[in-house]
Colleague: 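Below is the structure I would like to discuss, written out as structure tokens.
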Amino acid sequence: MDHIVTLGSRQEAALQAVADKFVAVHKGDVMKALKEMIVLNGRLQDQLDALTTPRRATR
């Protein structure tokens, strides 16, 4: 990780609320929620990489 983000108290509270909802969706199973988050982040990173990778011309 090459970027550290510092959150203010309101941002931290908002992040905590979203995290609580995400864990609740997974019926309180924190490990299941974490695994799902890792998969989602991987998919989003793949999409971002596809958008930012220069495309070669095809003929």
Colleague: Hey, could you give me the CZ/CD1 distance between R43 and I38, rounded to the nearest 0.5 Å?
Modeller: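 So the CZ of R43 and the CD1 of I38 are separated by 13.0 Å.
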Colleague: Are any non-hydrogen side-chain atoms of L51 and Q47 less than 4.5 angstrom apart?
Modeller: no
Colleague: Say you draw a straight line from CE of M37 to CG of L44; how long is it, rounded to the nearest 0.5 Å?
Modeller: 9.5 Å
Colleague: Could you check if a side-chain atom of K21 sits within less than 4.5 angstrom of a side-chain atom of V25, using non-hydrogen atoms only?
Modeller: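 K21 does not reach V25 side chain to side chain.
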Colleague: Looking just at side-chain N and O atoms, do D49 and Q45 make a donor-acceptor pair shorter than 3.5 Å?
Modeller: yes
Colleague: Distance from N41 atom CG to L48 atom CG, nearest 0.5 Å?
Modeller: 11.5 Å
Colleague: Determine which pairs satisfy ring pair (Phe, Tyr, Trp, His ring centres under 6.0 Å) with at least one residue from residues 24-43, sequence neighbours left out, and list them in order.
Modeller: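 Counting only pairs at least two positions apart or across chains, the ring pair (Phe, Tyr, Trp, His ring centres under 6.0 Å) contacts touching residues 24-43 are F22-H26.
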Colleague: Over all heavy atoms of both residues, which pair between E12 and L7 is shortest? Give the atoms and the distance, please.
Modeller: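 Heavy-atom minimum between the residues: OE1-CD1, 3.6 Å.
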Colleague: Might you point out which heavy atoms bring H3 and V5 nearest each other, and give the distance in Å?
Modeller: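 Looking at all heavy atoms of both residues, the closest pair is CD2-CG2, 3.5 Å.
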